[in-house]
Number of protein chains: 2
Amino acid sequence: MSPSRKPENSPTCCPIQVLLPDVQPLTDEEAGDLEDLFKILANDTRLKLLHHLARVEEMCVCDLSTAMEMNVQAISNQLQKLSDRKIVATRRSGNMIYYRLIDNCLIEILKQAQCLLIDSKTK
Amino acid sequence: MSPSRKPENSPTCCPIQVLLPDVQPLTDEEAGDLEDLFKILANDTRLKLLHHLARVEEMCVCDLSTAMEMNVQAISNQLQKLSDRKIVATRRSGNMIYYRLIDNCLIEILKQAQCLLIDSKTK
DNA sequence: AAGGTATTACATCGCTCCGTGTAATAGTGT
DNA sequence: ACACTATTACACGGAGCGATGTAATACCTT
């Protein structure tokens, strides 16, 4: 077994988990899917949207628009992309269309990502 | 307290975690940092590189280049970006420069991301 | 010092994306 | 039917990114 590397980078949040020798290299398809997923997350507007939805369960476009002080079209555009990728779901009630998160993994990813940022800043 | 949503989207991997009401909305700076992080991950070449490094602990540019059947420049470019963001570290030994992962959070993020993909495909 | 290998730096072209403006669609109330 | 609101569809202009080719740098061997 490989000698565990000494904890030069003492993780502050993630469990110590040195390597993943059993993981197969990514196939082209897997890499492409992951790329698409991270592309969706690689936008500050969408990240703010997701964080808003992670807090209040459901919001409509206009409320998100005012909360983020951005045009309705911009919000709708991004919500559309999130909806296309099955990251958010919608519910209609009269004029309003309410958006909500679908998968809990997403919140976990966002948390881990912020953790990584904290790690890299306190280092 | 908000009634827990019914498990319409039974998670296959992430712990049930309905909402994060205690989380503050992202500041512009936080959103920007997260965006930058996900932008780094939003590229199939870099994702493959990270997965290779997650398996064998250390690899040099030329080996990564042959393993992935890509030009050395392309590999070097992406490794440079990963290095700029403190995601990988380097070790020189003669001509060769070996790259390795720095933060364990990253592996966790990659795992969660693949989990989310599996979720959305089996749904 | 000279030649060779490994890696990086820089410029370029093509592509994608984001926010905005305009126009269209869907629902509500009178 | 009409006015009104909420949301979406579409085209546009600017910005950023990725792989490639060429050139430069760092290290090793002789």
Side-chain angles (χ1 to χ4, degrees), chain A residues 26 28-29 31-53 56 58-100, chain B residues 26 28-29 31-53 56 58-100:
Chain A
L26 287 179
D28 288 347
E29 185 184 355
D33 289 343
L34 273 180
E35 175 181 358
D36 291 340
L37 171 60
F38 285 124
K39 271 186 183 170
I40 285 292
L41 299 179
N43 175 265
D44 58 344
T45 299
R46 288 192 290 268
L47 287 170
K48 287 180 185 175
L49 286 173
L50 294 174
H51 260 257
H52 276 284
L53 295 178
V56 298
E58 248 190 5
M59 288 183 83
C60 64
V61 180
C62 55
D63 286 342
L64 286 166
S65 169
T66 57
M68 292 172 48
E69 297 178 352
M70 288 184 62
N71 287 359
V72 198
Q73 297 97 322
I75 301 294
S76 179
N77 285 342
Q78 302 312 329
L79 285 172
Q80 198 63 38
K81 294 195 179 188
L82 293 172
S83 176
D84 288 344
R85 310 294 174 124
K86 308 293 186 194
I87 292 178
V88 301
T90 61
R91 177 182 71 87
R92 172 146 230 158
S93 171
N95 273 351
M96 318 280 236
I97 296 182
Y98 293 95
Y99 286 82
R100 66 176 185 276
Chain B
L26 286 180
D28 288 347
E29 184 186 355
D33 290 343
L34 273 180
E35 175 181 359
D36 291 339
L37 171 60
F38 286 124
K39 271 186 184 171
I40 285 292
L41 299 179
N43 174 265
D44 57 343
T45 299
R46 288 193 289 270
L47 287 170
K48 287 180 187 176
L49 286 173
L50 294 175
H51 260 258
H52 276 284
L53 294 178
V56 298
E58 247 190 6
M59 287 183 83
C60 64
V61 181
C62 57
D63 285 343
L64 286 166
S65 169
T66 57
M68 292 172 49
E69 299 178 350
M70 288 184 60
N71 286 0
V72 197
Q73 297 97 322
I75 301 294
S76 178
N77 285 342
Q78 304 311 329
L79 284 172
Q80 197 63 40
K81 296 196 176 186
L82 293 172
S83 175
D84 289 344
R85 311 294 175 122
K86 309 293 187 193
I87 292 179
V88 301
T90 61
R91 177 182 70 86
R92 171 145 231 158
S93 172
N95 272 351
M96 317 282 234
I97 296 182
Y98 292 94
Y99 287 82
R100 67 173 185 278

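Given the structure is predicted, the values throughout are model-derived calculations rather than measurements. Note that these values count all heavy atoms, side chains included, but never hydrogens, waters or copies made by symmetry. Chain naming here is simple, since letters A, B, ... match the order of the sequence lines and numbering starts at 1 in each.
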Please confirm whether the shortest side-chain N or O distance from B/N71 to OP1 or OP2 of D/dG21 is below 4.0 Å.
yes
Using only side-chain N and O atoms of B/Q78, determine if any of them is under 4.0 Å from OP1 or OP2 of D/dA19. yes
Donor-acceptor contact below 3.5 Å, side chain B/N43 vs main chain B/T45: yes
The reported gap from CG in B/L53 to NZ in B/K48 (rounded to nearest 0.5 angstrom) is 14.0 Å
Between the side chain of B/R91 and the main-chain N/O of B/S93, is any donor-acceptor distance below 3.5 Å?
no
Per nearest nucleotide of DNA chain C, the residue lying toward the 5' end, A/R92 or A/I40, is A/I40
| message | Can you see if the side chain of A/S76 gets near the phosphate of D/dT7 - specifically, an N or O under 4.0 Å from OP1 or OP2? | response | no
Atom CG of B/L64 and atom C1' of C/dA6 are separated, to the nearest Å, by 13 Å
When rounded to the nearest 0.5 Å, the distance separating CG of A/L34 from CG of B/L41 is 9.0 Å
Here the distance between atom C1' of C/dC17 and atom CG of A/D36, to the nearest Å, is 13 Å
Of all heavy-atom pairs linking B/R85 and B/D36, the shortest is NH1-CB, 3.4 Å
>> Can you tell me whether the side chain of A/Q80 and the base of D/dT7 have a donor-acceptor pair closer than 3.5 Å?
In response: no
From CG of B/N95 across to P of C/dG3 the rounded distance in Å is 17 Å
Would you classify B/N43 as touching base, sugar-phosphate or nothing, given that sugar-phosphate means primed atoms plus P, OP1 and OP2, and contacts are heavy atoms under 4.0 Å?
sugar-phosphate
Here the distance between atom P of C/dA9 and atom CG of B/L79, to the nearest Å, is 12 Å
The residue among B/T90, B/D63, B/L82 that forms side-chain contact (heavy atoms from CB on, under 4.5 Å) with B/Y99 is B/T90
- Message: Is A/K81 close enough to C/dC17 that one of its side-chain N or O atoms is under 4.0 Å from OP1 or OP2 there?
- Response: no
A/I75 CD1 to D/dA9 C1', in whole Å, measures 17 Å
Is there a donor-acceptor pair under 3.5 Å between the side chain of B/R46 and the backbone N or O of B/L79? no
What nucleic acid atoms does A/Y99 come within less than 4.0 Å of, heavy atoms only: base, sugar-phosphate, or nothing? sugar-phosphate
Per-helix bend value, the helix from C/dA1-D/dT30 to C/dT30-D/dA1, C1' rotation axes over five pairs per end, 10° rounding, shows 30°
Are B/T45 and D/dG18 close enough that a side-chain N or O sits under 4.0 Å from OP1 or OP2?
no
Rounded to whole Å, CG of A/N77 lies from C1' of C/dG21 at a distance of 11 Å
On DNA chain C, more 5' by nearest nucleotide between A/A42 and A/G94 is A/A42
From NZ of B/K39 across to P of C/dT16 the rounded distance in Å is 17 Å
When rounded to whole Å, the CD to C1' distance for the pair A/Q73 and D/dG13 reads 16 Å
Nearest heavy-atom approach of B/G94 to B/R92 is O-NE, 3.1 Å
